[in-house]
Every structure is written in structure tokens, then in C-alpha cells.
Amino acid sequence: MTPIAVAYITAAQGGGDSERWTRMLGEALGRPVDMRVWPNIGRAEDVTVALAWKAPGGALARFPNLRLIVSLGMGVDHLLLDAKLPADIPIVRIMDEGLIGQMSEYAIYYALRHHRAIPAYEASQRARQWKVEDFVDTADRRIGIMGLGAIGTDVARKFLGLGFPTSGWSRTPRNLVGIACHHGAAGLDAFLAGTDILVDVLPLTPETTGMIDGRLLGKLPKGAYFINMARGGHVVDADLLAALDSGHLSGATLDVFNEEPLPGSHPYWTHPKVLVTPHIAGETNPRTAAASVADNIRRLEAGQPLIHTIDRAAGY
Ligand code: NDP
């Protein structure tokens, strides 16, 4: 069977996960994959499909017969930053149920940690102190999810399943059973006013860049908690630090940052109210993601409409 030539383009050292992608995509397609791992791309003319994650600028413009660009992450901001991104080639993203599940685990773990006052109990244990913290009823801890897409919907449903009053905010109207859905600029204030734990799972677009600033944080109730597992570019860091220092926010868990890796001198590292993780909330897993890529390659070859496509104008 003729192998399909696929370019695997990532800035990751050591070729990233190219070996697993070659195997898993081959299995999902039922035919061999001739994987060309950047920068060793061989004859660029052979390549029709590119798998990309933080590709070096201009790399995707190197393939004259390219017909499909696949983002190897669920975010696509890394692709749209490339000034030489070929204009007329469809972009799709992986749809990875495994990654979606990990994102929900992350949000729930850090929300429960805050909700059940675990940091206070850890401190009490260190002090050999038997001290019971104030009880907060789950029915009184309101979760607000910014972004009700593939990930935000799963996160929201799982919080709801745990008994938390759950709301969400999106660009266009959404309707999710049991979840208070708000949308657009007009819906933002009511959404924020009813949120005790804010979970950011928005894409990074021109509209969302820098939107989590002092004004927005000021609309959350006093004592609110913030979890950012989306993109650091949403946040004005100085404003978040000011909201934590003033006591308006009780704490934050941050997985993503304006600059990654987070510089060693950054105040987040040592801030007593901040938990830092190194962009690990959701890892793309070829085992769970390959089927969606294979599906799109089959659709492309059969001339059928692609799925999980990106709206370049909206930026996600
Ligand atoms: P989707 O594209 O499926 O959904 C995006 C959601 O955000 C939609 O509900 C959309 O609204 C909403 N949205 C977009 N722009 C705006 C806006 N201007 N105002 C209000 N709402 C807006 O994205 P996913 O759920 O798949 O992923 C979200 C993000 O999570 C990714 O873009 C990525 O940045 C991040 N991520 C982080 C990971 C990590 O490890 N930390 C791993 C994976 C993803 P509408 O429904 O109206 O379209």
C-alpha cells in the first residue's frame, strides 16, 4: 500500500512525539505513514499533510503540494502567529478526548483543593494543629467557566455532576442543560458576579488577549479563586498580582504564562497565593488523538467536508 507522506513539524527538541504519531496514525489510517520529521523533510513536493505544533515561522510555506495543516494541540494560536502561513490551506485541529479529560481533571483537582481548604489543612499538619476550617457548602461555591467549547463543555458538565452551581461564558449563545450560559460582552458582568471559582479555557485570539485585567477581576466577588489552564496571554500579570495582594482574589492556579518557560525571577514562583504548573494541564496523546487526524485525511482524500476546522478570522 502506498505510504502517505506527512510532515511532522515542531520546535520540540528530539522530534517530539513523532515516533508514536507515525505508529498511531498509521494504525488509524490502516496504511503506512512516511513521516518527515522537521527539518529532515526530504522532497518537500511529496508532502500533502502537515502535523504542526509551534512550527518554526515559514516552515509550513515550504511544501508546494500541502493540502491540510493539522494542529497537534487543541489551541491554534501557535499556527496563526506565522506570518508566512499558507493562506488557502485548511487548518484542522486534533480532537483528543484524552486531552479533554485531562483538562477537566486539572480544573476539578485545583478547584476542589481550594474548595476543601486543603492548603490550610496542609499548613495545620505541619504545625501539628487540629484545626477545622470554615465549611462551605458545595451548593454555595459557584464555578464559572470562560469558554464553552470542546474543553469548557466537558469541564462544566463534570463540575455540575459534582453538585457545584456552574455557569459558562462564550462568544455566541450556547445552551447546556443545567449550566447557566452567558455570552458576549453583554453577558460578561453577570457571569463574573456569579463566579466564586473562575476557570479560563478560552482560546488566545486578538479579542481575548489581555482581557483578564484589573477591571475584569474586579467584577468577581471578593475572595474569588482563579484557575488559568488556557493561555497566559489572556492575563495582565501585574493586575492579577495586585488583585491577589489586595485580598480581592484568594488565590490562583496557573498552568500557562505570558512567557514560557516562566522566568526564574517571576513573582508567581514564590507568591504565597499562587500555584504554578509548567503547561501540563492537557498533554496531546497520539493514542487518543490519531483517530481524528485519520478521519480528516480520509475526508480530504474523498473530497468530503473536513471536521474540527479553524475559523481563521475568529482566531480559533
Ligand atoms: P474551542 O474552540 O472548542 O472553544 C472555545 C470557546 O471559547 C468557545 O465556547 C468560544 O465561544 C469561546 N470564545 C472564543 N472567543 C471568545 C470571546 N472573544 N469571548 C467569549 N468567548 C469566546 O476550544 P477548546 O475548548 O478546545 O480549547 C480552549 C483553549 O484551551 C485552547 O484554545 C487552548 O488555548 C487551551 N488549551 C490549553 C491546554 C493546556 O495544557 N494548558 C491544552 C489544550 C487546550 P463560541 O462557543 O461562541 O464559539
Side-chain angles (χ1 to χ4, degrees), residues 12 17 53-54 70-81 91-110 144-159 166-176 179-192 195 198-213 216 219 226-235 252-258 260-262 275-285 288-289 292 307-316:
D17 229 353
W53 177 248
K54 297 186 179 169
V70 181
S71 169
L72 283 188
M74 291 190 66
V76 293
D77 44 299
H78 64 102
L79 282 173
L80 301 179
L81 285 173
I91 301 176
V92 298
R93 60 185 187 139
I94 52 154
M95 191 50 64
D96 183 348
E97 292 304 324
L99 184 152
I100 292 171
Q102 292 171 49
M103 296 292 280
S104 294
E105 287 169 6
Y106 185 95
I108 289 167
Y109 174 80
Y110 285 103
I145 315 291
M146 293 185 99
L148 286 175
I151 299 169
T153 299
D154 188 67
V155 175
R157 287 192 175 131
K158 286 177 177 166
F159 274 114
T166 305
S167 64
W169 184 69
S170 53
R171 191 166 63 95
T172 57
R174 301 294 307 269
N175 189 4
L176 299 171
I179 292 159
C181 294
H182 306 262
H183 70 277
L188 185 58
D189 286 9
F191 165 75
L192 294 168
T195 291
L198 179 68
V199 180
D200 178 10
V201 68
L202 289 167
L204 185 64
T205 69
E207 274 184 42
T208 62
T209 299
M211 76 171 293
I212 301 183
D213 60 5
L216 183 147
K219 290 175 182 166
F226 176 51
I227 298 173
N228 188 2
M229 56 176 190
R231 287 292 180 265
H234 294 155
V235 177
T253 293
L254 307 174
D255 185 51
V256 286
F257 303 91
N258 273 293
E260 295 182 6
L262 184 66
L275 291 172
V276 168
T277 55
H279 200 145
I280 47 74
E283 296 279 335
T284 298
N285 181 347
T288 43
S292 74
I307 53 172
H308 314 312
T309 49
I310 297 312
D311 177 348
R312 289 191 192 213
Y316 68 101

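Order of appearance sets the numbers: ligands from 1, and atoms from 1 within every ligand.
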> Between OG1 of Thr288 and CD of Glu97, what distance do you get to the nearest 0.5 Å?
Replying inline: 8.5 Å
> Looking only at heavy atoms, is any part of Arg93 under 4.0 Å from ligand 1, and if so is it the side chain, the backbone, or both, or is it neither?
Replying inline: side chain
>> Could you identify the single nearest non-hydrogen protein atom to atom 2 (O) of ligand 1 and state the distance to 0.1 Å?
In response: Tyr316 CD1, 3.3 Å
>> Does only the side chain of His279 get under 4.0 Å from ligand 1, or the backbone, or both, or neither? Count heavy atoms.
In response: side chain
> Tell me, which protein residue and heavy-atom name are nearest atom 28 (C) of ligand 1, and how many Å apart are they?
Replying inline: Val201 O, 3.2 Å
>> For atom 46 (O) of ligand 1, what's the nearest protein heavy-atom neighbour? Residue, atom name and distance, please.
In response: Arg174 NH1, 3.4 Å
>> At less than 4.0 angstrom from any non-hydrogen atom of Leu99, what atoms of ligand 1 do you find?
In response: 43 (C)
> Which value, rounded to the nearest 0.5 Å, describes the distance between Leu72 atom CG and Ile94 atom CD1?
Replying inline: 6.5 Å
> Can you tell which of Pro203, Gly152, Gly187 gets a heavy atom nearest to atom 5 (C) of ligand 1?
Replying inline: Pro203
> Closest heavy-atom contact between Ser104 and Lys158?
Replying inline: CB-CD, 3.7 Å
> Below 4.5 Å, heavy atoms only, C-beta onward: do Met146 and Phe191 meet side chain to side chain?
Replying inline: yes
>> Checking contacts here: is it the side chain or the backbone of Thr153 that comes within 4.0 Å of ligand 1, counting heavy atoms only? Could be both or neither.
In response: neither
>> Any atom of ligand 1 sitting under 4.0 Å from a heavy atom of Val256?
In response: yes
> Got the closest protein heavy atom to atom 16 (C) of ligand 1, with its distance?
Replying inline: Arg171 CB, 3.8 Å
>> Hydrogens and angles aside, do His279 and Asp255 bring a side-chain donor and acceptor to less than 3.5 Å of each other?
In response: no
> So which heavy atom in the protein is nearest atom 6 (C) of ligand 1, and how far is it from that ligand atom?
Replying inline: Gly149 N, 3.6 Å
> Which atoms form the tightest heavy-atom contact between Thr153 and Leu148, and what is the distance?
Replying inline: OG1-O, 3.1 Å
> What is the minimum heavy-atom distance between Asn258 and Val235, and which atoms define it?
Replying inline: ND2-O, 3.0 Å
>> So, 4.0 Å and heavy atoms of Gly73: is ligand 1 close enough to count as a contact?
In response: no
>> Below a 4.0 angstrom heavy-atom separation, can you tell me which part of Glu207, side chain or backbone, both or neither, approaches ligand 1?
In response: side chain
> Looking only at atom types and distance, does a side-chain atom of Ser292 sit under 3.5 Å from a main-chain N or O of Met95, one as donor and one as acceptor?
Replying inline: yes
> Could you give the distance from OH (Tyr316) to OG1 (Thr208), rounded to the nearest 0.5 Å?
Replying inline: 9.5 Å
>> Using a 3.5 Å distance criterion without hydrogens, assess whether the side chain of Trp169 forms a donor-acceptor pair with backbone atoms of Gly184.
In response: yes
>> Please state which option from His308, Met74, Met103, Met95 has its nearest heavy atom closest to atom 42 (C) of ligand 1.
In response: Met103
> Counting both backbone and side chain atoms, is some N or O of Thr208 under 3.5 Å from an N or O of ligand 1?
Replying inline: no
> How does Ile100 reach ligand 1, by side chain, by backbone, by both or by neither, if only non-hydrogen atoms under 4.0 Å count?
Replying inline: neither
>> Please state which option from Leu148, Thr172, Ile94 has its nearest heavy atom closest to atom 9 (O) of ligand 1.
In response: Leu148
>> When you compare ligand 1 with Val76, is there at least one nitrogen or oxygen pair between them that comes in under 3.5 angstrom?
In response: no
> How long is the gap from OH on Tyr106 to CD1 on Ile151, to the nearest 0.5 Å?
Replying inline: 13.0 Å
> Looking at Gly282, which atoms of ligand 1 are within less than 4.0 Å of one of its heavy atoms?
Replying inline: 39 (C), 40 (O), 42 (C)
> Does an N or O from Leu204, backbone or side chain, lie closer than 3.5 Å to an N or O of ligand 1?
Replying inline: no
> Should you measure from each heavy atom of Ala230, which atoms of ligand 1 turn up under 4.0 Å away?
Replying inline: 34 (O), 35 (C), 37 (C)
>> Which residue and atom name correspond to the protein heavy atom nearest atom 31 (C) of ligand 1, and how close is it?
In response: Gly75 CA, 3.8 Å
> Hey, does Gln102 have a side-chain heavy atom less than 4.5 Å from the side chain of Glu283?
Replying inline: yes
> Given Ile310, Ile151, Asp311, which one has a non-hydrogen atom that is nearest to atom 27 (O) of ligand 1?
Replying inline: Ile151
>> Show the atoms of ligand 1 that are less than 4.0 angstrom away from any heavy atom in Leu202.
In response: 7 (O), 12 (C), 13 (N), 21 (N), 22 (C), 29 (C), 34 (O)
>> Let's go through Leu176 and Arg157 carefully: what are the C-alpha distance in whole Å and the side-chain angles of both, what is the deciding distance for side-chain contact (heavy atoms from CB on, under 4.5 Å) to 0.1 Å, and is it a yes or a no?
In response: CA-CA 8 Å; Leu176 299 171; Arg157 287 192 175 131; 3.6 Å; yes
> Does the side-chain contact (heavy atoms from CB on, under 4.5 Å) test come out yes or no for Arg93 and Val70, once each step is laid out?
Replying inline: CA-CA 5 Å; Arg93 60 185 187 139; Val70 181; over 6 Å; no
> With a cut-off of 6.0 Å (strictly less than), are more than 12 heavy atoms of other residues, nucleotides or ligands near CG of Asp311?
Replying inline: yes
> If you count the atoms of ligand 1 from 1 in the order shown, which ones are under 4.0 Å from a heavy atom of Gly147?
Replying inline: 6 (C), 7 (O), 9 (O)
> Which distance, rounded to the nearest 0.5 Å, do you find between the CG of Leu216 and the CG of Leu188?
Replying inline: 5.5 Å
>> In this structure, is the centre-to-centre distance between the rings of His78 and Trp53 below 6.0 Å?
In response: yes
> Do any heavy atoms of Gln102 fall under 4.0 Å from ligand 1?
Replying inline: no
>> Within the 4.0 Å heavy-atom shell around Arg231, which atoms of ligand 1 are there?
In response: 33 (C), 34 (O), 35 (C), 36 (N), 37 (C)
> So which heavy atom in the protein is nearest atom 37 (C) of ligand 1, and how far is it from that ligand atom?
Replying inline: Met229 O, 3.1 Å
>> Students should be able to answer this: which protein heavy-atom is nearest to atom 19 (N) of ligand 1, and at what distance?
In response: Trp169 CH2, 3.3 Å
> What part of His183, side chain, backbone, both or neither, has a heavy atom within less than 4.0 angstrom of ligand 1?
Replying inline: neither
> Roughly how far, to the nearest 0.5 Å, is the CG atom of Asp200 from the CG atom of Asn228?
Replying inline: 4.5 Å
>> Within ligand 1, which atoms have a heavy atom of Asp255 less than 4.0 Å away?
In response: 39 (C), 40 (O), 41 (N)
